[in-house]
Structure formats: structure tokens, C-alpha cells
J.: 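Got a structure here, written out as C-alpha cells. Questions coming.
Order of the sequence lines sets the chain letters (A, B, ...), proteins ahead of strands, with each chain counted from 1. These numbers come from a predicted model, not from an experiment.
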Amino acid sequence: MKNAFALIYTGDASMQIRELTFSRSVAAVPFGGRYRIIDFMLSNLVNTGIYNVGVIAQKNYHSLMDHIESGKEWDLHRKRDGLFVLPPFVTHDNTGVYRGTVDALRSCMGYIRRSEQDYVVLTGSHTIYNTTFSDMIEAHINSDADITIMYNEDDSKASEGPFDDLRLQIDENGYITDLELNNPKTKKKYRSCDAFVMRKDTLEYLVEDTYSHARYDFTNDVLVTRSKELRLKGWYYGGYVGRLNSVVDYYKHNMALLDKSVSSDLFNPEHPIYTKIKDEFPASYVGNGYAVNSVVADGCVIEGIVENSILFRGVHIRPGAVVRNSIIMQGGIVGEDSMLDSVIMDKNVNVLDNRQLSGYCTYPLVIRKGRRV
Amino acid sequence: MPKKKIIAMLLAGGQGSRLGVLTKSMAKPAVPFGGKYRIIDFPLSNCVNSEIDTVGVLTQYEPLALNAYLGSGQPWDLDRMNGGVFVLPPYVSGSEGQWYSGTANAVYQNIQFIDQFDPEYVLILSGDHIYKMNYSAMLRFHESKHADATIAVLTVPMEEAARFGIMNTDEDGRIIEFEEKPKNPKSNKASMGIYIFNWNVLRPLLIADAQNSSSDHDFGKNIIPKLLTDSASLYAYGFTGYWKDVGTIRSLWEANMDLLGSDPEFNLLDKNLRIYSKSPALPPHYIGKAAEVRNSIVSEGCEVYGKVTRSVLFTGAQIGENAEITDSIIMPNAIVGENAVIKKAIIAEGAVVGAGAVIGAKRRPEDGDYDTSLTGDITLIANSVTINEGERVPVGMIVK
């Protein structure tokens, strides 16, 4: 058991992975055939030995709550500590709508104060990777840093998504000497992974102090603005990092699972990724159905042809259907002789017989949850 | 403890010696089945789907794998405040203690366990059958007949009736005669080994049976015949649907094959009466660029780079490039190397088949004599065995 608790911030008001987040927060968006995005962070924390986890919810969190329930699938239904979902609540000084991360953190100050651990891991919920935070926490404790920020190397230029692109300049001793937020012309290759370790009392002080100055954003108003007064250190992470900032990112990181080096990094058997169990029968290939270079979850029935695609649980590909370069979420049905290319089908979409749908890899066609085509 | 209307006692102590090396290190109910299940998932899920929330699992032979698998009962939603799943091994009381000497004796030794719940009815199940059944329909039948005991029966082909315990009934379904494996069967209603007893009828019977040193302490051989001679009211409850005793290597292989196809003999895709199992937390399976999977079922965590036809791949199985698997069962975490050829075989948990090995090869004179009485034409590679690169294992051989 680590001397740390964790806070996962899921409620970004500006988030938008287009149609995929109409009815759910980004943390609850399905990923990789059987997971939701938040499964990666919850599993990382549990695999670290952190059993006190607060999930800060803001908007559209029904889907999220339905998914995580009591936390028992992550072994987080504990007598002491465990999983706490922290939705907004309205009081005389709390309007119910967060003006930013600092505002959200302040509204769950009660939970933070009650937590018995001395350190906190603060993370967002739109970045996926599979690691433990043990070494990072250890390094933070043994350093003089106020905050340690996990980062990786990312040469891509800043995306237009709703999430912050925080770039770091790191000196040879690991100290952060400069921070840049959402600079589309950035030349810095080190990018924050949206995971921070600090002492609990540091967090309490920073949140109250920033709030009292009518500042509400953790990245901007704490990290960037106070970068000179705080000692910030970086913690390099070399594994695969997927930032789900846009539909194209979403498509790209799902498709990356077809690459063995990515899937064995994200699904490292030493750090299993846990999720809600659906008790589906294994996938069944019948008649002339087959799949090539695809990830297929339990409960699928494949009577047609599937190539370079990700099929979530309980998808049915009927005879003669051809699905290429697509992501078909839970319960999707592709009718006889229909052809799909570069399509993202949200949950329970029914594509009838003889339909032809196609997007492009840089602009996949997204079909909203529960629609009939 | 709150009173329960009905509780189930699941007999899971059998060795299952006809499954050969598959049960070398685990009891039969823990044997993997159907890609992601173990045999015991079927009776346990049936209980939960029938709103029976208290199940005693009687273990004796190699209980470790079974105990570890059952855990708190959470995968079956049997982690309950009142009731749930209980593992009941034999125990020592005072200076006395004995192994379970028969099915009836196993339940007899747990009378105190059952009495805690003060049930009206006790459902006796065995852990070696694959089927989906709603026991609450059987209970309603039992209640409507005001029976002392009800036995579930399956109509089997007349020519096969001699292999079963056969119930001869009157028009109302009341059992008038029971014959164990009769040479000339009078009916084709075979006992499925599923009984509902009124606890106040069964309890004294078990106590009397335990005193009788000439008894085999067996439900089929002793308890049912005793009820019949006492003219108790015994009824046969007809079950229609898939039911298979997977007590032999052939029947285990057949039952797995019965899951394949668009209209399988045994349909587990049906959301009705869902079967639950413990999840190993593995990602969805991956089918490689040159892989070809036809008419097969594939479970989570598998990676397939070769050719798989009419086969069942269990969780975490790995099939190398250009390997060819036909009519086979590849159990959890087994690894098949590239260019290996496997025909009509069972590759047990964690076994490794080296590159280019041939399993189920045509028999040659130099293979000499080996025992195929358990396997017939099915080749069996035992748990965690490694078959070396290029090695040849002929049809029907057991490698342990």
C-alpha cells in the first residue's frame, strides 16, 4: 500500500470528441475492444498499490458511474478507502458548474482533507498508457520538488483538441525550466502526460491560494503562472502514450492496437488492465466469416469479412458484409452485403443490409450511439 | 441465519478418472470448457439464474484449483451477505473424521451446514455436466406434485438407455421403478443426476443411510431405491435441451465441438440463462495479417497468426505463423509454435507445442503399442507439457 491517494479529473467542460462524447464524458468513451478510457488510469493506480481513488465527475457522468459502479472490478471496493465518485454539488459558494480544475478540486476538498495519505497523484482521464506510478512517487519523495510531472517525447505538433498541450523544457538534473501551454508552433519535444505527484498539503495550499485569486485552471494558473516560485521536476515515461484529443486521435490510437509492439505495451501482462465484465461467450467465426489483422472481443459473431478493424463485445457481422479499417463498438450489427470502410460505429448501431458507408483515415465517419442506418 | 426456501449442494469431489491426465492436478469440475469457462460454471450459473443464492460445493479430490477458482463467488454474483458459495471439504470432528465415502455421505457430513439455513428443499447437483437449466421451473413442478423428491430426466435414444440410470414412470410422471444401467430398458427417461428433495424427508434418510455399513452411500444406488421401497412420492421432471456428461475425453471434445457453427447444438450466445465465469483480465483476441480462422471460437487474450479450422481456442492461447489447427481444443495459455500441425487433439492448459511439431499424426509401425482406451482417435497433450520442435505425436496418444 502506497502512502498516496489519487484524484482523476474527468469533467472537462470543453471536451468534445465529436459524437462520441455527446452522451458521456471522455473517461467513459469505449476503447480497445472491451475497455473504457478510464480503465487504464484506474488499473495503473491499482497496479501501483493505490487504493484510495477519487474520480471527479462533472458532466454526463451517468455512463461513467454505470461503468465503475462500486469499483469492485478494479478491486477498489474496500472497507477503508476505495473508490469515491465526486460529482458536483450545489452549495452557497459552489454553483455546481466548475470553472476549471482548481474549482473542481476545491469542491472536493472534504475528500482530500479526509484522505490519510501524505502524497497525491493527480491525473486527467483522456490519456492512456500502462505503467505504475511507484518509481515516480519514490523519486518525488526523494527529491526537493514541489510537483513532479510525468512527460514523454512527442514530436507531433499541438493538436486542435480541447485538451491542454503542455510542453516542458527540462534541464540535465530533471528540473523543469520552462513551460509552454497550447503553443501551436512549439519547438519543445517533451510533453506532459497529465499526471502529477505532490504532497497533499502542497495541493491543498495551491488550490486554496489560486482560488482565492479568482484563478481556476490548474495547468495555466498553477503550473505555468507559478513556474518560477515552484520547484517542478519531470519524470520521463518511455512507453506508449495515447492522448485522445480528437476523433482522429481516437481512431489512430485504437488502430495502433493492431501493432504488436503497442498492444503488448498497453496490455503488459504484469500490469493487467481491468474493466467491467460482461460475461459474453467467446467470439464465434461461422460459415464463411473470417478476420484479418483485427482485434475482436468476446461475444462477436463473424459471418462476414473483417480486416484491419477493432470489434468491441457482442458485434455481429452478417454474411457477405465487409468491414475494413473500422471501429465497431459494443452491440453493433452490420447487415448482409454491407460495406464499411474507415467508420467508427458507436454502441448499438444497426447498419441494415446492402449499405455502403465510408470515411477516410484522417476523417473517419462517426455514427452516433443507437442509430439505424 | 435467515431461512432459505431452497439451497443447492454441488457434488464436486469426483476425480473424473476417465478424463485421464486432464484431471491429474485438478478435480473434474475445474476442467476448462468452451473457450472461457470451467465445467463448474454451468451448474453455478444455473443456480444464480434460478435465483438460488446459497450453494455448498462439496470438494475432496485435488481441491486447490477449484478453491482458487471459486474465491469469494463474485464472478457468479454469489458473494452474498446471507448465503453465497461455500466450499465444503471433508473435516475432522472430535477424534473422528473421514473422507466423503459417497455422494449421499458427502451431503450427510454437511447436515449441520444445511440446517443453518433451515431450507424446505435441497437441490443436489453434480459438477460434471454441461447444460443450461432453470431449476426454479423444476421446483415449481416439485411443489405442484407435492412430491417428496423430484428427479430431472432427459429423453435419450432407446439404444443408449442402457448406459444411464433409467426412470420408469406412470402417466402422471410419478416414478414407479428405477433401474441403474438396465440391460433391457423399459423406458428412455435417463436421470440427469439432478435431484430436489424435501429436506425433512432427505435428512432422516441420510442419517439412516450413514448407519448402514452395507450401503454405498450413493444417491442413485441407495437413496432413490430406498425412497421407492418406502413408497415415497417421487416424480420425474422432463428436461428438454442440451445436456452432456463430459466425463470422458471423447465427450469433452464433442461438447466443445457442439458450440461451433451458426446454429450450434449448444447455443451459448443466447443471452437467456447466461453462463458466468471468472475473467482473467485479458485484452480482446488478435487475428494476425496472415491468419485464417474459420468455423471456430476464439477467446480473449488469444493471438492467432496461423490457420485455425473447426476448433476452440481458450483464453490466452497463442497460435504461431503457418501453424495449422483442425478439429482441436487449445486450452488456456497453451502455446503452439510456428508451422506446427495439430489435428483432432486436446492441448491442455499451459502446454507448449514446439515449432513444426505434429500432433495427431498418422500412426506408424515404429510408434509401437500405446494405450488409446481413454482417447480413441483424439490426441491429448497434458497440462504444462512441452512438445519439442519437430516432434511427432501419433493419433490417440496421451503425452504427460
J.: Verify, without hydrogens or angle tests, whether B:K36 (side chain) and A:E280 (backbone) share a donor-acceptor contact under 3.5 angstrom.
T.: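 Answer holds: yes.
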
J.: Should A:F281 and B:L259 be marked as a side-chain contact (heavy atoms from CB on, under 4.5 Å) after you check the CA-CA gap, both sets of side-chain angles, and the distance that decides it?
T.: CA-CA 10 Å; A:F281 183 62; B:L259 299 167; 4.1 Å; yes

J.: Tell me, yes or no, whether the heavy-atom count around A:D353 atom CG, taken from other residues, nucleotides or ligands under 6.0 Å, exceeds 12.
T.: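 Correct, the count exceeds 12.
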
J.: Against chain B, label A:K260 side chain, backbone, both or neither, depending on which of its atoms sit under 4.5 Å from a heavy atom there.
T.: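 When you check distances to chain B, only side chain atoms of A:K260 fall under 4.5 Å.
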
J.: If you count every heavy atom of other residues, nucleotides or ligands that lies below 6.0 Å from B:K132 atom NZ, does the total exceed 12?
T.: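 Yes, because the 6.0 Å sphere around NZ of B:K132 holds more than 12 heavy atoms from other groups.
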
J.: For A:E69, is the CD atom crowded, meaning more than 12 foreign heavy atoms sit under 6.0 Å from it?
T.: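 Enclosed: over 12 neighbouring heavy atoms sit under 6.0 Å from CD of A:E69.
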
J.: Report the C-alpha distance between A:R34 and B:S279 in whole Å, list the side-chain angles of each, state the deciding distance to 0.1 Å, and finish with yes or no for side-chain contact (heavy atoms from CB on, under 4.5 Å).
T.: CA-CA 12 Å; A:R34 70 188 290 250; B:S279 167; 3.7 Å; yes

J.: Name the region of B:S299, side chain, backbone, both or neither, that has any atom closer than 4.5 Å to a heavy atom of chain A.
T.: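 B:S299 touches chain A through backbone and side-chain heavy atoms alike.
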
J.: CG of A:L258 to NZ of B:K289: how many Å apart, nearest 0.5 Å?
T.: 8.0 Å

J.: In Å and rounded to the nearest 0.5 Å, what is the OH to OG distance from A:Y290 to B:S296?
T.: 15.0 Å

J.: Output, in order, the C-alpha distance, side-chain angles, deciding distance and verdict of side-chain contact (heavy atoms from CB on, under 4.5 Å) for B:L269 and A:V301.
T.: CA-CA 9 Å; B:L269 283 166; A:V301 178; 3.5 Å; yes

J.: Which one of A:S43, A:S284, A:G33, A:P269 has the most heavy-atom pairs closer than 4.5 Å to chain B?
T.: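 Most heavy-atom pairs under 4.5 Å with chain B: A:S284.
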
J.: Name the region of A:Y35, side chain, backbone, both or neither, that has any atom closer than 4.5 Å to a heavy atom of chain B.
T.: side chain

J.: Could you walk me through whether B:Y286 and A:N293 pass the side-chain contact (heavy atoms from CB on, under 4.5 Å) test, one step at a time?
T.: CA-CA 7 Å; B:Y286 173 70; A:N293 191 34; 2.4 Å; yes

J.: Please classify the contact of B:L313 with chain A as side chain, backbone, both or neither, using a heavy-atom distance under 4.5 Å.
T.: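 B:L313 has no heavy atom closer than 4.5 Å to chain A.
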
J.: Select, from B:R274, B:Q74, B:E292, the one with the greatest count of heavy-atom pairs under 4.5 Å involving chain A.
T.: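 It is B:R274.
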
J.: With a 4.5 angstrom heavy-atom cut-off, which part of A:I277 approaches chain B: side chain, backbone, both or neither?
T.: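 Just its side chain gets close to chain B.
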
J.: Below 4.5 Å, heavy-atom pairs only: which of A:P272, A:A283, A:A291 has the largest tally toward chain B?
T.: A:A283

J.: Checking heavy atoms, do the side chain of B:Y305, its backbone, both or neither come under 4.5 Å from chain A?
T.: side chain

J.: How many angstroms lie between atom CG of A:D279 and atom CG of B:D41, to the nearest 0.5 angstrom?
T.: 9.0 Å

J.: Does CG in B:L64 sit with more than 12 non-hydrogen atoms of other residues, nucleotides or ligands closer than 6.0 Å?
T.: no

J.: To the closest 0.5 Å, what do you measure between CG (A:D298) and CD1 (B:I297)?
T.: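 So the gap between those two atoms works out to 9.5 Å.
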
J.: With chain A as the partner, which of B:P283, B:G35, B:S262 has the greatest number of non-hydrogen pairs under 4.5 Å?
T.: B:P283

J.: Around atom NZ of B:K343, are there more than 12 heavy atoms of other residues, nucleotides or ligands at under 6.0 Å?
T.: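 Open: at most 12 neighbouring heavy atoms sit under 6.0 Å from NZ of B:K343.
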
J.: For a quick test of reading the model, state the closest non-hydrogen atom pair linking B:P284 to A:G32 and the distance between them.
T.: CG-O, 3.4 Å

J.: Keeping the roles fixed (side chain from B:N295, backbone from A:G287), state whether a donor-acceptor pair exists under 3.5 Å.
T.: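 Judged by distance alone, yes, a pair lies under 3.5 Å.
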
J.: Determine whether more than 12 heavy atoms belonging to other residues, nucleotides or ligands lie under 6.0 Å from atom CD of A:E336.
T.: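 Check passes, neighbour count above 12.
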
J.: Quick check on the interface: out of B:G34, B:A291, B:A281, who has the most heavy-atom pairs with chain A under 4.5 Å?
T.: B:A281

J.: Out of A:L266, A:L257, A:N288, A:N308, which one racks up the most heavy-atom pairs below 4.5 Å with chain B?
T.: A:N288

J.: Heavy-atom distances under 4.5 Å only: say whether B:I275 touches chain A with side chain, backbone, both or neither.
T.: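 Answer is backbone: N, CA, C or O of B:I275 sit under 4.5 Å from chain A.
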
